[in-house]
2 protein chains.
Amino acid sequence: MSQDSSADRPKPRERIVDTARDLFHRHGIRNVGVDSIAEAAETNKMTLYRHFTSKDALIVETLNKAAQEAEGMWHGLEVAYPGDPMAQLRAWLGQAAQCIIQDSRGCDMANAAVELTEDDHPARRVIEEFKIMQRNHLATLCKGIGVTQPDLLADALFLLLEGARVSRQSIGAEGPVSQFVRMGEIIIASFKV
Amino acid sequence: MSQDSSADRPKPRERIVDTARDLFHRHGIRNVGVDSIAEAAETNKMTLYRHFTSKDALIVETLNKAAQEAEGMWHGLEVAYPGDPMAQLRAWLGQAAQCIIQDSRGCDMANAAVELTEDDHPARRVIEEFKIMQRNHLATLCKGIGVTQPDLLADALFLLLEGARVSRQSIGAEGPVSQFVRMGEIIIASFKV
DNA sequence: TTGCAATGTTACTTACCAGTAACACGCCCG
DNA sequence: CGGGCGTGTTACTGGTAAGTAACATTGCAA
């Protein structure tokens with residue numbers, strides 16, 4: 001064991017990314033300085049800048065990590081209900097609802113798009129690709145449950161989730177957001193046959 | 001006529017609010033400084049601070065003005081199709097679609113909620129009240145078109161619009177957003193009887 | 001015309017933040 | 001044991017942003 005209090009904690013780079021994700025998520029990207037990140041990650045600004053060329057590069061890295069986790073979530077659904085897209089879709093609905101209720105700060109990707117308004121910001125590319133992937137995952141499931149307009153259903157569910165996550169931040173969890181699962185089920189049912 | 005080039009332009013206070021709204025909308029609140037606002041409003045920082053005690057106060061004022069305009073929009077719908085809630089709802093759907101397509105920057109209220117993360121920020125109260133009003137307006141229309149679950153329909157349409165406006169900023173106008181009107185009509189139809 | 005009220009101008013303070021320089025330390029591998 | 005490599009520390013630069021002070025100007029109204 002090292003003389004440090006926390007023996008086997010991750011390396012600085014990983015701590016920085018994880019801490020930055022958490023702080024960005026809770027307070028917003030523009031409201032968090034690199035100094036705070038370094039301090040919260042129990043390291044310092046120099047080490048941060050040895051791993052990332054700029055704050056923007058760190059932002060991109062945190063979004064990439066978020067995208068990676070999301071991919072894992074989709075994979076998890078497929079593993080949990082193999083060959084049963086309807087079950088996967090229901091599970092997705094439930095997980096999304098849980099996420100919305102528990103977390104008041106919405107989707108990091110969508111929030112980043114709101115905060116980073118420069119057209120050529122490197123994060124915008126990551127955000128767009130991520131959202132396209134999410135929609136495609138949904139579309140794949142919808143194509144497997146036997147509806148006449150799977151793409152349109154996927155779009156509807158996509159917008160429903162986007163709306164719920166952003167509304168959670170403005171109108172709270174007791175408004176329309178609380179009906180998320182019911183609405184999802186009704187929309188799915190209305191597309192059947 | 002005054003010796004100024006533009007003869008009968010609004011007073012500084014109004015110019016400041018309008019300019020701030022525009023800049024906040026286009027670039028995000030945190031990305032716009034009071035100096036830029038004053039300059040773009042063709043006045044100066046001192047005059048700005050004589051009318052508003054702080055940047056936060058100006059933010060609140062811009063959101064209030066946005067809320068006021070939105071109320072005018074709802075009133076316009078009622079005037080255009082008096083006693084015909086279904087026509088008002090369709091017109092609302094069309095106007096919202098127009099707004100989403102033409103403007104890439106989403107809803108000022110929702111965006112402000114993303115940027116202003118402090119729980120006690122004075123703007124959060126304005127934002128929440130505004131969103132509740134929007135949902136109530138929708139619910140009023142839905143109660144007039146003869147559906148079994150008007151509140152649930154209102155919630156669905158509310159989230160649909162919220163999702164479309166926020167998605168416009170991440171995935172663009174050619175994705176799920178492009179199906180906004182169709183999805184709105186399908187959802188309304190699915191709630192009928 | 002006088003005089004007040006709103007506006008304009010310049011300059012300043014204070015604070016924060018992104019990014020860098022120079023140097024010191026400690027740990028692991030050979 | 002020695003030498004890097006990653007890390008820590010301090011201090012700094014340059015820029016920007018919120019907010020204020022003091023003074024000049026304009027315009028309207030009595």
Side-chain angles (χ1 to χ4, degrees), chain A residues 1-21 23-24 26-63 112 115-118 120-123, chain B residues 1-21 23-24 26-63 112 115-118 120-123:
Chain A
M1 302 141 198
S2 70
Q3 67 265 41
D4 190 32
S5 55
S6 47
D8 51 351
R9 64 176 176 180
K11 300 221 142 206
R13 186 193 160 93
E14 191 180 345
R15 299 204 311 268
I16 290 168
V17 174
D18 291 344
T19 307
R21 266 191 79 185
L23 292 180
F24 288 162
R26 276 168 25 209
H27 308 302
I29 293 173
R30 286 272 130 101
N31 296 324
V32 175
V34 287
D35 268 310
S36 334
I37 297 170
E39 190 186 354
E42 292 176 275
T43 176
N44 54 74
K45 195 159 56 163
M46 269 315 299
T47 300
L48 188 153
Y49 276 103
R50 285 188 191 110
H51 286 287
F52 304 97
T53 62
S54 64
K55 185 184 178 184
D56 279 345
L58 175 58
I59 293 169
V60 168
E61 185 72 10
T62 62
L63 295 181
E115 288 200 83
L116 311 174
T117 58
E118 306 135 89
D120 58 344
H121 195 289
Chain B
M1 304 141 196
S2 70
Q3 67 265 42
D4 191 30
S5 56
S6 47
D8 50 353
R9 64 175 177 183
K11 299 220 143 208
R13 185 192 161 91
E14 191 179 343
R15 298 202 314 264
I16 289 168
V17 175
D18 291 343
T19 306
R21 267 191 78 186
L23 292 180
F24 288 162
R26 278 170 21 210
H27 308 300
I29 292 173
R30 286 270 128 102
N31 295 325
V32 174
V34 287
D35 268 312
S36 333
I37 297 170
E39 189 186 356
E42 291 176 278
T43 176
N44 53 76
K45 194 160 56 167
M46 270 315 299
T47 300
L48 188 154
Y49 276 104
R50 286 189 190 107
H51 285 288
F52 305 97
T53 63
S54 64
K55 185 185 178 182
D56 279 346
L58 175 56
I59 293 169
V60 168
E61 185 72 11
T62 62
L63 295 181
E115 288 199 82
L116 310 173
T117 58
E118 305 134 273
D120 59 344
H121 195 289

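Quick note on labels: first sequence line is chain A, next is B, and so on, each numbered from 1.
- Proximity of H51(A) to the phosphate of dT7(D): a side-chain N or O atom is located under 4.0 Å from OP1 or OP2.
- Distance N31(B) CG to dA18(D) P: 11 Å, rounded to the nearest Å.
- Between the CD1 atom of I16(B) and the OG1 atom of T43(B) there is a distance of 5.0 Å, given to the nearest 0.5 Å.
- The CG atom of L23(A) sits 12 Å away from the P atom of dC17(C) (whole-angstrom rounding).
- Under a 3.5 Å cut-off, the side chain of R15(A) and the backbone N or O of E42(A) do form a donor-acceptor pair.
- Proximity note for R50(A) (side chain, C-beta onward) versus dG8(C), dG19(C), dT9(D): the nearest is dT9(D).
- Set against dG8(D), dG8(C), dG19(D), the side chain of R15(A) has dG8(D) as its closest nucleotide.
- For the pair N44(B) CG and dT20(D) C1', the interatomic distance rounds to 13 Å; values are reported in whole Å.
- Between the P atom of dT10(C) and the NZ atom of K45(B) lies a distance of 13 Å, rounded to the nearest Å.
- Remark: P of dT9(D) and CD of E39(A) are 11 Å apart, rounded to the nearest angstrom.
- Going from atom CD1 of I37(B) over to atom CG of L23(B) covers 6.0 Å, rounded to the nearest 0.5 Å.
- With rounding to the nearest 0.5 Å, the separation of OG1 in T19(B) from CD in E39(B) is 11.0 Å.
- The CG atom of L48(B) sits 17 Å away from the C1' atom of dA21(D) (whole-angstrom rounding).
- Among the nucleotides dA18(C), dT20(D), dT7(C), the one closest to the side chain of Y49(A) is dA18(C).
- Nearer to the 5' terminus of DNA chain C, by closest-nucleotide assignment, is the contact made by P12(B) (compared with the other of P12(B) and D35(A)).
- The side chain of S54(A) contributes no N or O atom lying less than 4.0 Å from OP1 or OP2 of dA18(C).
- Spacing between atom CZ of R30(A) and atom P of dA18(D) amounts to 13 Å, rounded to whole angstrom units.
- Counting non-hydrogen atoms under 4.0 angstrom, K11(B) reaches nothing in the nucleic acid.
- Taking atom CE of M46(B) as the reference point, atom P of dT26(D) lies 18 Å away to the nearest angstrom.
- Here T47(A) does not reach the OP1 or OP2 of dG6(D): none of its side-chain N or O atoms lies under 4.0 Å away.
- Rounded to the nearest 0.5 angstrom, I59(A) CD1 and R30(A) CZ are separated by 6.5 Å.
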